[in-house]
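Here's the structure we're looking at; comments come further down.
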Amino acid sequence: MSRWLRLIVVAACFLASTLGHNHVLHAQPAPAPTAAPAPTAAPAPTAAPTADPSWLKAVYEQVAASVVLIQTEYGTGSGFFFRSDRLIATALHVVDDAEIVVVQLNDGRRVAARVVAYSRPHDVALLELEAPVAGVRVLESYTGVVDIGENVLVIGHPFSGLEDQVPELRGLLNWSLTRGVVSAVAGSWLQTDAAINPGNSGGPILNAHGQVLGVVSAKLSDAQGISVAARIGRVQDLVPKIGQQSPPRHNWRFEGMEVGFIAQISRDTLEGISLGGGSRLFKRYPLRLRLGLLAGSVEAREPTVLQSHLTRVTAELAMGVAFPLGPVELSPAIGAALFYDHARNSSLRLDDTACAELPCLVSGKVVRSSEGSVHFLPAVELNLDFHLLRVGYAYEIGLDHELASQHRVLIAVIF
């Protein structure tokens, strides 16, 4: 029995040792992996002002009083306070060649101004008011990176003055707001799809924080939603030029075209149409060229001529001086007229057979002929312009016996 007992004890010890070893292996924890560094918590994104639709109203209320209406003898535009309570930034084409510049604040006050710096390549200008405006808020400029797709707004005066003709529009056009995005950025320019119309030029393009990104320059003709603005940095470049430039002036400026009715009156009257155009020298001296085509029946110059029809081509060139008289402009001028006359005559040609006795019949026939001639006439004239209407009179002095002095009357539309 002792032998079997020994075998049982040995087997029991072996079994206990094996079970104890396996228990220890399963009880040991698995080796911990190398701890990865905890990720840095990203800062919570700042809510963009555009997330709240009321940002438009908030920015408008913040900056609208800093936007001004600019009026010149040529029209209206927009601008805004820049760097001080006496400087106004705007587009050059709003005040280019203007002698009268008046800035109107949103409270109705009007202040005279003058151009003190400008850049023609970038279409920007700085105006200086004759007196500072106390308490006005100067708009902040933003010269950092401008992103495509960034929300922007424009404040200005589209079609300003139209409310005077249509009272129902009063209060709807001046200091009005439009919204868009930055469509493209290139060098000194921004492109936006914000609605821009005549009168918005010179106004600010603002970001969602009320900072100025650029100055409205122009809308591309016949384009939808494509407008450009000079970046505000181009305005800042003008500051060292303040007082260093003469006022922007054009020695020659295209005045416009005219089309109208023309009549020349002497012993005969010819009527027709005219087409003209002109330029201005130093703004006050108009130089005008006018072409005309006239026709009419005229008195026969010879007894054998039964009927004479005259077609006349005219060319007039005159230079004068303009005198503004409120809404009317008076411009006396001296010049000359060159005529080419083409006459078509119907004459009676008689047979040379002599009558042997009376009564007798004389045979004859009607002969048609034409002839041309050129005439040069010095002239003095007087024109009266009222908005889009021009009324003119000229006295043309005949230098040859074939063409007496005559009066010329013009009624034309200017465009």
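Around atom CZ of F261, more than 12 heavy atoms belonging to other residues, nucleotides or ligands sit under 6.0 Å away. The local environment of CD1 in I265 is crowded, with over 12 non-hydrogen atoms from other residues, nucleotides or ligands closer than 6.0 Å. Atom CD1 of I334 has 12 or fewer neighbouring heavy atoms from other residues, nucleotides or ligands inside a 6.0 Å radius. Other residues, nucleotides and ligands place more than 12 heavy atoms under 6.0 Å from the CZ atom of R120. A 6.0 Å sphere centred on CZ of R83 holds no more than 12 heavy atoms belonging to other residues, nucleotides or ligands.
Among all heavy-atom pairs drawn from A208 and W55, the shortest one is CA-CZ3, 3.4 Å. Contact record, E316 with A337: CG-CB, 4.1 Å, taken as the closest heavy-atom pair. In this structure, N197 and P158 approach most closely via the heavy-atom pair CB-CB, 3.9 Å. Residues D85 and L129 approach most closely at O-CD1, 4.1 Å, considering heavy atoms. Q406 approaches F339 most closely through the heavy-atom pair NE2-CE1, 2.8 Å. A pairwise comparison of heavy atoms in I148 and S183 identifies CG2-O, 3.7 Å as the closest pair.
Judged by a 6.0 Å distance limit and a 45° cone about the ring axis, R253 is positioned over the six-membered ring of Y74.
Contact check for L317 versus L287: side-chain heavy atoms found under the 4.5 Å cut-off. Between D193 and V181, the closest side-chain pair of non-hydrogen atoms falls below 4.5 Å. For the pair V239/F82, a side-chain contact is recorded, criterion being any heavy-atom separation below 4.5 Å from C-beta on. Contact annotation: the side chain of N106 never approaches that of V67 to less than 4.5 Å [non-hydrogen atoms, C-beta and beyond]. Side-chain contact between L377 and I397 is absent, with no heavy-atom pair separated by less than 4.5 Å. Here the side chains of S141 and Q211 are not in contact, with every heavy-atom distance at 4.5 Å or above. No side-chain heavy atom of F81 sits under 4.5 Å from any side-chain heavy atom of L87. Using a 4.5 Å cut-off on side-chain heavy atoms (C-beta onward), R290 and L410 make contact.
Rounding to the nearest 0.5 Å places OG1 of T314 at 9.0 Å from CG of L338. Between the CD atom of E140 and the OH atom of Y142 there is a distance of 10.0 Å, given to the nearest 0.5 Å. The OH atom of Y393 sits 12.5 Å away from atom CG of N383, with the distance rounded to the nearest 0.5 Å. Within the model, atoms CG of L177 and OH of Y60 stand 7.0 Å from one another, a figure rounded to the nearest 0.5 Å. Taken to the nearest 0.5 Å, the OH atom of Y340 stands 10.0 Å off from the NE2 atom of H375. Here CG of D97 is found 9.5 Å from CG of N251. Values are rounded to the nearest 0.5 Å.
A distance-only check finds a donor-acceptor pair linking the side chain of S78 to the backbone of G199 [under 3.5 Å]. At least one donor-acceptor pair under 3.5 Å links the side chain of H157 to the backbone N or O of V68. Looking at E271, its side chain never comes within 3.5 Å of a backbone N or O of I262 through a donor-acceptor pair. When atom types are taken as modelled, the side chain of N207 and the backbone of G210 share a donor-acceptor pair closer than 3.5 angstrom. A donor-acceptor pair under 3.5 Å is formed between the side chain of D123 and the backbone N or O of L92. A donor-acceptor contact shorter than 3.5 Å is absent between the side chain of E396 and the backbone of P378. A donor-acceptor pair under 3.5 Å is formed between the side chain of R86 and the backbone N or O of E130. For the pair T178 (side chain) and A194 (backbone), a donor-acceptor distance under 3.5 Å is absent. The backbone N or O of A58 lies less than 3.5 Å from no partner atom in the side chain of E61, so there is not a single donor-acceptor pair. Not a single donor-acceptor pair under 3.5 Å links the side chain of S274 to the backbone N or O of L291.
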- Query: Under the side-chain contact (heavy atoms from CB on, under 4.5 Å) criterion, do V216 and I205 qualify, and how do the steps go?
  - Reply: CA-CA 7 Å; V216 174; I205 289 187; 3.8 Å; yes

- Checking salt bridge (charged side-chain N to carboxylate O under 4.0 Å, His left out) for the pair E255/K283: CA distance, chi angles, key distance, verdict? CA-CA 9 Å; E255 182 185 52; K283 192 176 180 179; over 6 Å; no

- Might you work through the side-chain contact (heavy atoms from CB on, under 4.5 Å) test for V124 and Y118, ending with a clear yes or no? CA-CA 6 Å; V124 290; Y118 60 92; over 6 Å; no

- Message: Run L206 and V63 through side-chain contact (heavy atoms from CB on, under 4.5 Å) and show every step you take.
- Response: CA-CA 9 Å; L206 304 142; V63 305; 3.8 Å; yes

- Task: Give the intermediate values and the outcome of side-chain contact (heavy atoms from CB on, under 4.5 Å) for residues M257 and V259.
- Result: CA-CA 7 Å; M257 301 291 292; V259 60; over 6 Å; no

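Note on residues 324-336: pairs passing side chain to side chain donor-acceptor pair (under 3.5 Å), not counting sequence neighbours, are R280-E329, R288-S331.
R231 pairs with exactly one of V215, T143, L213, V146 by the side-chain contact (heavy atoms from CB on, under 4.5 Å) rule, that one being V146. None of L126, I70, I88, I100 except one satisfies the side-chain contact (heavy atoms from CB on, under 4.5 Å) rule with V95; the exception is I70.
Note on R249 versus D96: no salt bridge recorded, every NZ/NE/NH1/NH2 to OD/OE distance being 4.0 Å or above.
Residues S266 and H407 have side chains that never bring a donor and an acceptor to within less than 3.5 angstrom of each other. In the model, Q104 has no side-chain atom that pairs as donor or acceptor with a side-chain atom of R109 under 3.5 Å. Side-chain contact of S188 with R234: a donor-acceptor pair under 3.5 Å is present, judged by distance alone.
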